Amino acid sequence: MTEFIFGKLTLEALPHVWYTIGATVFVTLMFMSVGTILTKTKRWGWLWKEWLTSTDPKKIGTMYIIFASLMFFRGLIDSGMIWLQQAIGADSLGYLDSDHFQEIFTSHGDIMVFFVTMGFFFGLMNWIVPLQIGARDLAYPFLNNLGFWLTVAGGIMINVFFVVGGKFANTGWLAIAPLSGIEFNPGVGVDYLIWSLQLSGLGSLLAAINFIVTIIKKRAPGMTLMRMPLFVWASLCGMVLVVTAFPVLTATTLLLWLDRVAEMHFFTVSGGGNQMMYFNLIWMWGHPEVYILVIPAFGMFSEIVSTFSQKKVMGYISMVSALLIITLLSYLVWLHHFFTMGAGPSVNSFFGIVTMLIAIPAGVQVFNWIFTMYKGKVEFASPMYWFIGFLVTFMIGGMSGIFMASPPADFQVHNSLFLVAHFHTMIIGVALFGTFAGVTYWFPKIMGFKLNERLGKRAFWLWLVGFFVSFMPLYILGFMGATRRLDHYPASTNWQPLYITSAIGFVIILWGIATQIQQLIVSIKERHQNLDTTGDPWNGRTLEWSTSSPPPFFNFAVIPTVRSREPFWNMKKSRRTQSKDYHDIELPRNTPMGIYISILAFVMSFGLVWHIHWLSLLGGLAVIACIIILSFDEHMEYILPAAEVKKIDESRARA
C-alpha cells in the first residue's frame, strides 16, 4: 500500500546534504519574502489579473525575460562551482565529489540552453515580432500563455530535485546513453531531467508554432515576405528549426525513459539495442538547437547595425538567403559531433564538407554587416559595442569550428576542453552578446526609458575581457589533453595555472554582471532624465519605433500599411502620417487555464519521476479535462470599441 501511494518516494528523498539543504532554505526564504511583500502591498490580485493570467504578448515577453534572468543566476552558480573545483583540483579531490561535480556540469548546460538563452529570445520575440510586422497580437494568444507556463514548469522540475530527490543526473547535459540508463543511474535524477525537457520542449514547440503562424498570417497590409525586417526572418527560421527539431528531442528522451522504466532496450547494447542510435538522434536535435540559439541573434545584430549606421542593411536578399541556407544546412551537420565513432571516411567526409560549407552563409552576413557600416554615420552606442564584441568572438569561434570540421583534426581535440571553449565562444559570443545587445536596443521600447550608457559600456568591456580570460585558456588546455567533465587531475600535467586563469576570468565576468545590475538600478532611478517621449529614441527604421514607448496593450490603434522594407524610416523621410480611421478591436481575454494546465502537467510528470502511478493518471486526466473545458469557452475575446481606441491613442499622443 505504501508503495502504491508514494511510489519510490521515501524520507531519504528529503534534503539531507549541505547543498540540497542550503538550496531548499534559500528558495523557501525567497518565496516567503516575495509573498510577504505582495501581501503587505496588497498586490496578489494585481499580479494574478494583470500578469500571470495575461495573454498580452508584451507581458508574456516580460515574464519570459524575468524567468530567464532568474535561471541565468541559477546556472551562473553552477558555472562558478565548476571553475572553482577545477582551479583547486590538482592532486586534490577539491571540495566536490565526482558525482556532485557531474550533476552540476549537467544542470548548468541544460539550464543555460533551454531556460536562459531560449527564454531571452522568446521574450524578445514576444515583444518585437508583432510590432515589427504590424500585428496586434500573436495568432494564438492562449497558446502563448500556455507555452510560457509549460516552460516555467520545466524550469521548476529541473530544480525541484533540491527539495525532493537529493541527486540530479550526472550524465552531461545531453544525458548520453548508456550512462543515462537505469544500470548506471538507478535514481530519479535522469527522470527529473527527462520530464523537465518534456515540459519545456512542449512549451517551446507551442511557442514556435504560434510565431510561425503569426509571421505567415498576421503581417500588416503590404508587408510581403521580402519586406519583413531581418529580425522577423531570423525568428521565422529559428522557429522552423524548433518545430522540426524538438519533436526529435521529445521522442528520444521518451525512448530513454521507456528504456529506464520498462526495460525496452532501445539504447542498451546488452539487450539488443544500439547506443549509437541515441547519439544520432540526440544530435539530430542538438545541432539544429545550436542554430536555434544563434539565428535570432543574427537578426538582432542586423537591426542594430542598420539603425546605428543610419543605413539600410547591405544585401537584404543575400541576408535572407544566408539565413535560409544556414537553416537548411543545420540539419546536415550533426555527425561531426562524433567523427570518432568509426563511421568511415565517406560519411566523415560528407559531414566535414557540409560543416565547412555552413560557414559561407555566415560569412556573407558578416561582410554585409561590415559593408552596412562602411560610409555610414556609425554611432557607437552600447548595442553597437555588443555587436563589435560579437564580431571578434564570432571570428574566433568560427575558425575553431572549421578546425573541428576536419575529421583528422577533430580526432585530436574530440571530447577535450577545446570543444567546450568553441561551444561557449559561439553561445556566449553570439547568443548571449546578442541578447544583451537586443535588450539594450529595445529596452526604451519595453520600459519607456533608456539604460545608462556609461555603465552599459563598462559592463561590455568587463564581459569581453572576462570572456577571453576565461575561455582562451580552455583552447590551450584542450590541445594539452584536458578532457571535459574533469573534476581533478595530476599536478604534473601543469594544467592548474591555466585553470586558475580561467577562474579569474569568471570573476571578471561576475564584475560585468554586477555592473549590469548596477546599470539597471541606476537607470530606474534616473528614468525621468532618460524618458523616451518620442517612441523613437534611436532614430529607428522599422514599425516598432512608430508606436509609443511602451506601446498600448493593442499595439496599433490603426494597422499600418507597408510600402517598403523600412516603412517607418520612409514615413519619416516623406513626412507621411498614418490615417486615423479607428475601428472596434477584438482582443483576447486573460485566462488562468495556462497556469492550471501547466501545474497539472507538472504534477503528472512528478508522478512519473517517482512512479506514483495514481498521481500521474490523475494529473493527466485533469489536463485533458481542462482542455475540454477550455474548448467550450465561447468568451475568450472581447471587443474594445473604436471610441475607446481613439481616446487611448490620442491621450498617448498628447503624452
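Keep in mind that what you see is a predicted model, and the values were worked out from it rather than measured.
For S318 and N368, the side-chain atoms include at least one donor-acceptor pair closer than 3.5 Å.
Taking all atoms of both residues into account, the shortest heavy-atom contact from I88 to Q496 is CA-NE2, 3.9 Å. Annotation for D78 and R74: closest pair OD2-NH1, 2.6 Å, computed over non-hydrogen atoms. Shortest non-hydrogen contact noted between L150 and A601 is CD2-CB, 4.2 Å. Contact between V248 and L281 at its shortest, heavy atoms only, is CG1-O, 3.4 Å. Of all non-hydrogen atoms in V243 and A208, the two that sit nearest each other are CG2-CB, 3.7 Å. Scanning all heavy atoms of the two residues, the minimum distance from N170 to L179 falls at O-CD2, 3.7 Å.
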- Report the C-alpha separation of V413 and L419 in whole Å, then their side-chain angles, then the decisive distance to 0.1 Å, and conclude whether the side chain to side chain contact (heavy atoms under 4.5 Å, CB included) test is met. CA-CA 7 Å; V413 297; L419 173 61; over 6 Å; no
- Can you check ring pair (Phe, Tyr, Trp, His ring centres under 6.0 Å) on F351 and F338, steps first, answer last? CA-CA 10 Å; F351 283 92; F338 43 99; 8.3 Å; no
- Message: Run F120 and S69 through side chain to side chain contact (heavy atoms under 4.5 Å, CB included) and show every step you take.
- Response: CA-CA 8 Å; F120 277 125; S69 300; 3.6 Å; yes
- Message: Go through it in stages, so that I can follow the logic: the residues are W369 and F394, the test is ring pair (Phe, Tyr, Trp, His ring centres under 6.0 Å), and I'd like the CA-CA distance, side-chain angles, deciding distance and then a yes or no.
- Response: CA-CA 13 Å; W369 288 322; F394 187 51; 7.4 Å; no
- Check against side chain to side chain contact (heavy atoms under 4.5 Å, CB included), M239 and F122: CA-CA 10 Å; M239 295 305 98; F122 278 131; 3.5 Å; yes
- Item | side chain to side chain contact (heavy atoms under 4.5 Å, CB included) between Q198 and M157, intermediate numbers included | CA-CA 10 Å; Q198 293 286 347; M157 180 66 74; over 6 Å; no
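Aromatic ring pairs are classed by plane angle as parallel below 30°, tilted from 30° to 60° and perpendicular above 60°; the pair F606 and W610 is tilted. In this structure, W495 and Y489 have tilted ring planes: the angle between them lies in the 30° to 60° band. Taking the six-membered ring for Trp and thresholds of 30 and 60 degrees, F436 and F72 have ring planes more than 60 degrees apart, a perpendicular arrangement.
Looking only at distances, no side-chain donor or acceptor of T483 sits under 3.5 Å from a matching main-chain atom of S416. The closest donor-acceptor contact from the side chain of Q85 to the backbone of L93 lies under 3.5 Å. Using modelled atom types, one side-chain atom of Y278 and one backbone atom of A175 make a donor-acceptor pair closer than 3.5 Å. In this structure a side-chain-to-backbone donor-acceptor pair under 3.5 Å is missing from T425 to G397. For the pair S502 (side chain) and L498 (backbone), a donor-acceptor distance under 3.5 Å is absent. A donor-acceptor pair under 3.5 Å links the side-chain atoms of H108 to the main chain of G75, judged by distance alone. For the pair Q86 (side chain) and Y499 (backbone), a donor-acceptor distance under 3.5 Å is absent. Although no hydrogens or angles enter the test, the distance criterion places a donor-acceptor pair under 3.5 Å between the side chain of S470 and the main chain of F506. Counting only distance, with no hydrogens or angles, the side chain of S406 and the backbone of I402 share no donor-acceptor pair below 3.5 Å. In this structure a side-chain-to-backbone donor-acceptor pair under 3.5 Å is missing from T268 to H265.
To the nearest 0.5 Å, the span separating CD1 on I358 from OG1 on T327 amounts to 8.5 Å. In this structure, the separation between CG on L230 and CG on L323 is 6.5 Å, given to the nearest 0.5 Å. Distance check: L417 CG to L477 CG gives 5.5 Å after rounding to the nearest 0.5 Å. One distance of note links CD of Q102 with NE2 of H100; it measures 11.0 Å at 0.5 Å rounding. A distance of 8.5 Å separates OG1 of T252 from CE of M284, quoted to the nearest 0.5 Å. Distance CZ/F403 to OH/Y475: 11.0 Å, rounded to 0.5 Å.
For the pair L391 and V366, the minimum side-chain heavy-atom distance is below 4.5 Å. With contacts defined as side-chain heavy-atom distances shorter than 4.5 Å, the pair L464/F433 qualifies. Looking at Y95 and M81, their side chains come closer than 4.5 Å, going by heavy atoms from C-beta outward. Side-chain contact between I396 and M472 is present, with at least one heavy-atom pair separated by less than 4.5 Å. Using a 4.5 Å cut-off on side-chain heavy atoms (C-beta onward), D110 and L193 make contact. Between I427 and M112, the closest side-chain pair of non-hydrogen atoms is not below 4.5 Å. Looking at H337 and H287, their side chains come closer than 4.5 Å, going by heavy atoms from C-beta outward.
More than 12 heavy atoms of other residues, nucleotides or ligands lie within 6.0 Å of CZ in F350, so this atom counts as buried by the packing criterion.
Taking the six-membered ring where the residue is Trp, the centroids of F148 and Y64 are separated by under 6.0 Å. For W285 and F114, the ring centers are positioned less than 6.0 Å apart.
F211 is linked by a ring-ring contact (aromatic ring centres under 6.0 Å, His included) to nothing, counting only residues two or more places apart in sequence or in another chain. With sequence neighbours excluded, the residues satisfying salt bridge (charged side-chain N to carboxylate O under 4.0 Å, His left out) with R260 are D191.
Of the residues W463, F423, F418, W83, the one that meets the ring pair (Phe, Tyr, Trp, His ring centres under 6.0 Å) test with F471 is W83. W257 pairs with exactly one of W195, F267, F266 by the ring pair (Phe, Tyr, Trp, His ring centres under 6.0 Å) rule, that one being W195. Checking T106, V188, V190 one by one against F168, the side chain to side chain contact (heavy atoms under 4.5 Å, CB included) holds for a single residue, T106. With M71 as the partner, the side chain to side chain contact (heavy atoms under 4.5 Å, CB included) test is satisfied by one option alone out of T117, I111, T151: I111.
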